[in-house]
Amino acid sequence: MSKNIQSVRGMNDVLPGESEFWELFEETVRGWLKSYGYRPIRMPIVEPTPLFKRAIGEVTDIVEKEMYSFVDGLNGEPLTLRPEGTAGCVRALIQHNLAAQQPQRLYYMGPMFRHERPQKGRYRQFHQVGVESFGFAGPDVDAEQILMGARLWDDLGLDGIRLQLNTLGQPAERASHRAELIAWFERHADLLDEDAQRRLHTNPLRILDSKNPAMQEMIMAAPKLLDHLGDASLAHFEGVQQILRDAGIPYEINPRLVRGLDYYNLTVFEWVTDRLGAQGTVCAGGRYDGLVEQLGGKPTPACGFAMGVERLIALIREAGGEPAVPGVDVYVVHQGEAASRLAPRVAERLRDNGIDVLFHCGGGSFKSQMKKADASGAAFAVIIGDDEATAGEVTLKELRTGDGQPGQQKRVGVDDVAGEIMNSLMDWEEA
RNA sequence: GCGGCAUUAGCUCAGUCGGUAGAGCACUGGAUUGUGAUUCCAGGUGUCACCGGUUCGAUCCCGGUAUGUCGCCCCA
């Protein structure tokens, strides 16, 4: 076992049985995005390393210790497996000047890579659906994207996903709050635990998240960002909330809701569940008005969010959601030389008529072939022996009688099988 | 990256107070001539994750490694 090559830690195969859940999820998601007018965009999985350093922030955990970065040995170029999708999407937007004429609503789905310690709901190759809008400055698009989430959970048959909302204000407002916050923590340095000490100058907002009881009182009294927000920021936040209230979407304002990526401003939101243990965030996003310009484009307001596919699929499976059983309509059983020459033609003829056919390969007795026909989930077996072959006929047998009795069977001319089967399948759908 | 727990047949698991192992499901074949899902019969050497140590002897004790899992950190 140890001699065999295994998949890289934290990078998983999705096998039949689970992959159907992925396909169901993807179909649902595509229909949902289409209903909001978002259009697909596909970016490379590998991007120049500086893109992520500039977009995400040099001192974030992602950039400092989680990126799969390497130098292309063939030309010396520093490259990185994308740890998130927004940076690449913005890069593409700028490169192709997509927002020059019209605002854009875009989405993508695919693998992302972060070198973290794997856990349930956290993998080194994980998958996200990313949704981004460019060119809309008002709170309406923020609210639209939040409403989208609510609808998707419903489409997926999920409940118990709660919305948390916050505003980060504008960079200047945040900076003044941050300065005051650091000063506050420094005044109470004697209370700070080791974790907080470490984060004091890297990510002081995270200290507000500390669960250390000894620090709670001091944290509660710490300076509030809300007190640093100007009228415009407050109005934007209120605008988002107004639409949510009108839509009847419950939410909780969480002043400690912060982003791990530096590019966010104003609205931030997170959809969370408590059914996934430590990895409870299933979808998160917000506004990032400064990023396009920061990456060299024209100033362009932007707002987006990303969903964790593995986490959502785990929830779907836990909720008992089942994809449609992937079965074929017909299993073709055949034995004998003449029959085995006729059988492929019959199978192709059926497929010409839109019928899904599993063709038996590998020979074996009729008995063993019938077992496989049954296990395939097919509604019918088309049985071809040399008797049928010489008569230009096949035996059509029902497999799903539902009452444990052997299915009816009859001989049908080769030209009539497709018609017979289509009629029966239609009858079943009506019933 | 840190700490706890786990790792036995394809799957879900039992077991050996240290003497190299079992069940259910699944799978394959059979119960007379060309037919499934029920029933009956038959079929498993699986380096008991890997490497090393202690021991006459280790799957079972000890150490390390790998992988998973829970929590922390972080985040989708």
Side-chain angles (χ1 to χ4, degrees), chain A residues 1-4 6-12 15 17 56 60-66 83-86 109-131 149 193-195 198-199 202-203 206 209-212 257-261 269-273 276-285 304-315 331 333-336 339 360 364-378 380-389 395-409:
Chain A
M1 207 182 263
S2 65
K3 288 179 205 149
N4 294 333
Q6 295 186 23
S7 64
V8 174
R9 185 180 198 191
M11 304 198 184
N12 303 313
L15 305 178
I56 298 170
T60 56
D61 273 22
I62 292 178
V63 169
E64 278 183 337
K65 44 191 189 195
E66 294 177 0
E84 56 102 43
T86 300
M109 45 213 291
M112 309 292 164
F113 302 83
R114 294 183 198 173
H115 192 107
E116 299 185 274
R117 176 147 170 188
Q119 237 177 80
K120 199 206 306 186
R122 189 173 80 179
Y123 307 101
R124 290 182 176 176
Q125 174 177 326
F126 61 103
H127 296 75
Q128 287 189 338
V129 175
V131 178
D193 60 21
E194 197 180 323
D195 240 20
R198 178 175 55 79
R199 287 194 281 220
T202 59
N203 205 347
R206 278 281 172 201
D209 259 338
S210 169
K211 288 158 187 138
N212 186 342
L257 186 61
V258 182
R259 294 275 71 138
L261 298 81
F269 62 91
E270 231 171 77
W271 292 94
V272 299
T273 176
L276 290 177
Q279 269 63 240
T281 300
V282 116
C283 174
F305 63 96
M307 295 180 274
V309 175
E310 283 85 354
R311 293 179 186 181
L312 282 167
I313 286 176
L315 282 183
Y331 193 99
V333 165
H334 58 95
Q335 192 177 63
H360 181 84
S365 65
F366 275 104
K367 184 186 181 69
S368 66
Q369 292 192 36
M370 286 303 293
K371 277 191 178 180
K372 293 195 168 88
D374 184 55
S376 76
F380 296 95
V382 163
I383 303 166
I384 310 174
D386 284 337
D387 286 359
E388 286 89 346
T395 295
L396 179 61
K397 175 165 180 167
E398 290 179 31
L399 292 176
R400 307 264 92 88
T401 56
D403 57 5
Q405 296 302 306
Q408 301 282 316
Q409 66 180 60

Participant: Between B:U35, B:G71, B:C75, which nucleotide gets closest to the side-chain atoms of A:K397?
Facilitator: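 Nucleotide nearest to A:K397's side chain: B:U35.
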Participant: Considering only B:A37, B:A76, B:C72, which nucleotide approaches the side chain of A:D374 most closely?
Facilitator: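 Closest nucleotide to the A:D374 side chain: B:A37.
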Participant: On a whole-Å scale, what distance lies between the P atoms belonging to B:G1 and B:U8?
Facilitator: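 Each nucleotide's P atom is 24 Å from the other's.
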Participant: Should stems be defined as at least three consecutive Watson-Crick or G-U pairs with both distances under 3.5 angstrom, which of them involve RNA chain B?
Facilitator: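 Detected stem regions: B:1-7 with B:66-72, B:10-13 with B:22-25, B:27-31 with B:39-43, B:49-53 with B:61-65.
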Participant: Rounded to the nearest Å, what distance is computed from the CD atom of residue A:E398 to the P atom of nucleotide B:A37?
Facilitator: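 So the two atoms are 17 Å apart, to the nearest Å.
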Participant: Distance between the C1' atoms of B:G63 and B:A23, in whole angstroms?
Facilitator: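 Straight-line distance between the two C1' atoms is 33 Å.
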Participant: For a quick check of understanding: with a heavy-atom distance under 4.0 Å over all strands, which category does A:E388 fall into, base, sugar-phosphate or nothing?
Facilitator: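 The residue A:E388 makes base contact.
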Participant: Between atom CD1 in A:I383 and atom P in B:G36, what is the gap in whole Å?
Facilitator: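 Rounded to the whole Å, the gap is 9 Å.
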Participant: Within the structure shown, what part of the strands sits under 4.0 Å from A:A373 by heavy-atom distance: base, sugar-phosphate, or nothing?
Facilitator: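 The answer is nothing, as A:A373 stays clear of every strand by at least 4.0 Å.
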Participant: For residues A:F269 and A:F305, report the shortest heavy-atom separation together with the two atoms involved.
Facilitator: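 The pair with the smallest heavy-atom distance is CZ-CB, 3.6 Å.
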Participant: Is the shortest side-chain heavy-atom distance between A:V282 and A:M307 below 4.5 Å?
Facilitator: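 Heavy-atom side-chain distance check fails, nothing below 4.5 Å.
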Participant: In whole Å, I'd like the distance from the CG atom of A:D386 to the P atom of B:U35.
Facilitator: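 That distance rounds to 15 Å.
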Participant: In whole angstrom, what separates A:N12's CG from B:G68's P?
Facilitator: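 Roughly 7 Å, once rounded to whole Å.
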Participant: Heavy-atom distance under 4.5 Å between the side chains of A:E66 and A:D61, does that happen here?
Facilitator: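 In contact.
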Participant: At 4.0 Å (heavy atoms only), tell me whether A:G277 reaches a base, stays on the sugar-phosphate, or touches nothing.
Facilitator: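 Counting heavy atoms under 4.0 Å across all strands, the contact made by A:G277 is with sugar-phosphate only.
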Participant: So which one's nearest nucleotide on RNA chain B is more toward 5', A:A306 or A:G10?
Facilitator: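 In this pair, the answer is A:G10.
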Participant: So, the side chain of A:S376 versus the backbone of A:A378: is there a donor-acceptor pair under 3.5 Å, distance only?
Facilitator: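 Side chain of A:S376 to backbone of A:A378, a donor-acceptor pair under 3.5 Å: yes, one is there.
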Participant: With a 4.5 Å limit on heavy-atom distance, are the side chains of A:L399 and A:F380 in contact?
Facilitator: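 No. Closest side-chain heavy atoms not under 4.5 Å.
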Participant: Which nucleotide in the list B:G71, B:U35, B:A76 gets nearest to the side chain of A:Q119?
Facilitator: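 The listed nucleotide nearest to A:Q119's side chain is B:G71.
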Participant: Give the rounded distance in Å between these two atoms: CE of A:M370 and C1' of B:G36.
Facilitator: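 For the pair A:M370 CE and B:G36 C1', the rounded distance is 5 Å.
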Participant: Take atom P in B:G43 and the same atom in B:C5, then report the distance between them in whole Å.
Facilitator: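 42 Å, rounded to whole Å.
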Participant: Base, sugar-phosphate or nothing for A:E116? Non-hydrogen atoms, less than 4.0 Å.
Facilitator: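 Counting heavy atoms under 4.0 Å across all strands, the contact made by A:E116 includes a base.
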Participant: Taking B:C27 as the reference, what is the distance to B:G64 when you measure between their P atoms (whole Å, please)?
Facilitator: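 Their P atoms lie roughly 43 Å apart.
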Participant: Can we say A:D374 and A:R400 salt-bridge, meaning some charged N sits less than 4.0 Å from an Asp/Glu carboxylate O?
Facilitator: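 Salt bridge flag = yes for A:R400 with A:D374.
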Participant: With no hydrogens and no angle check, do the side chains of A:E388 and A:T395 hold a donor and an acceptor under 3.5 Å apart?
Facilitator: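 The answer is yes; a qualifying pair exists.
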Participant: Taking any heavy-atom pair under 4.0 Å as a contact, classify A:G336: base, sugar-phosphate, or nothing.
Facilitator: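 The answer is nothing, as A:G336 stays clear of every strand by at least 4.0 Å.
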Participant: Is there side-chain contact between A:V333 and A:I384, with heavy atoms separated by less than 4.5 Å?
Facilitator: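 With C-beta onward as the side chain, the pair stays apart.
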Participant: Please report the distance separating the P of B:A49 from the corresponding atom of B:U16, rounded so that it comes out in whole Å.
Facilitator: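 Rounded to whole Å, the distance is 16 Å.
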Participant: If you check every side-chain atom of A:R117, which of B:C75, B:G36, B:C2 has the closest atom?
Facilitator: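 Closest nucleotide among those given: B:C2.
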Participant: Round to the nearest Å and state the distance from A:M307 atom CE to B:A76 atom P.
Facilitator: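 Computing the A:M307:CE to B:A76:P distance gives 13 Å.
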Participant: Output yes when at least one side-chain N/O atom of A:K120 is less than 4.0 Å from OP1 or OP2 of B:G68, else no.
Facilitator: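 Looking at the OP1 and OP2 atoms of B:G68, neither is under 4.0 Å from any side-chain N or O of A:K120.
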Participant: Side chains of A:E310 and A:Q279: does their closest heavy-atom pair fall under 4.5 Å?
Facilitator: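 No. Closest side-chain heavy atoms not under 4.5 Å.
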Participant: Hey, can you tell me if A:H334 and A:H360 have their rings parallel, tilted or perpendicular (30° and 60° cut-offs)?
Facilitator: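 The arrangement is perpendicular - the two ring planes meet at more than 60°.
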Participant: What's the gap between B:G44 and B:A6 when it is taken at their C1' atoms, as a whole Å value?
Facilitator: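 Between the two C1' atoms, the distance is 26 Å.
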Participant: Between B:C73 and B:C2, how far is it from one C1' atom to the other, in whole Å?
Facilitator: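 That atom pair is separated by 8 Å.
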Participant: Checking all strands, does A:E66 fall into the base, sugar-phosphate, or nothing category for heavy-atom contacts under 4.0 angstrom?
Facilitator: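 Touches sugar-phosphate only.
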Participant: Hey, which sits more toward the 5' end of RNA chain B by its nearest nucleotide, A:G385 or A:C283?
Facilitator: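 Nearer the 5' end of the strand: A:G385.
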Participant: Could you list all N or O pairs between the protein and nucleotides 27-31 of chain B that sit under 3.5 Å apart?
Facilitator:
none

Participant: Would you indicate what A:Q369 reaches in the nucleic acid, counting non-hydrogen atoms under 4.0 angstrom: base, sugar-phosphate, or nothing?
Facilitator: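 Since no nucleic acid heavy atom lies under 4.0 Å of A:Q369, the category is nothing.
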Participant: How long is the line joining CG of A:L257 and P of B:A76, in whole Å?
Facilitator: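 From A:L257 CG to B:A76 P: 10 Å.
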Participant: List the steps and the verdict of side-chain contact (heavy atoms from CB on, under 4.5 Å) for A:R114 and A:I62.
Facilitator: CA-CA 7 Å; A:R114 294 183 198 173; A:I62 292 178; 3.7 Å; yes
Participant: Which atoms form the tightest heavy-atom contact between A:A306 and A:Q128, and what is the distance?
Facilitator: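 Nearest heavy atoms, A:A306 then A:Q128: CB-OE1, 3.7 Å.
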Participant: Can you tell me if the side-chain N/O atoms of A:R9 get under 4.0 Å from OP1 or OP2 in B:U67?
Facilitator: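 Yes, A:R9 has a side-chain N/O under 4.0 Å of OP1/OP2 on B:U67.
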Participant: Grab the CG-P distance between A:L276 and B:U69 for me, whole Å please.
Facilitator: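 Taking CG of A:L276 and P of B:U69, I get 13 Å after rounding.
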Participant: Roughly how far apart, to the nearest Å, are B:C11 and B:G53 at atom C1'?
Facilitator: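 Those two atoms are separated by 34 Å.
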Participant: Remember a base hit wins even if backbone is also touched, and classify A:K65 as base, sugar-phosphate or nothing at under 4.0 Å, heavy atoms.
Facilitator: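 If one applies the 4.0 Å heavy-atom cut-off, A:K65 turns out to touch nothing in the nucleic acid.
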Participant: Measuring from the side chain of A:R122 (C-beta onward, heavy atoms only), which nucleotide among B:G36, B:C73, B:U35 has the closest atom?
Facilitator: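 The nucleotide sitting nearest to the side chain is B:C73.
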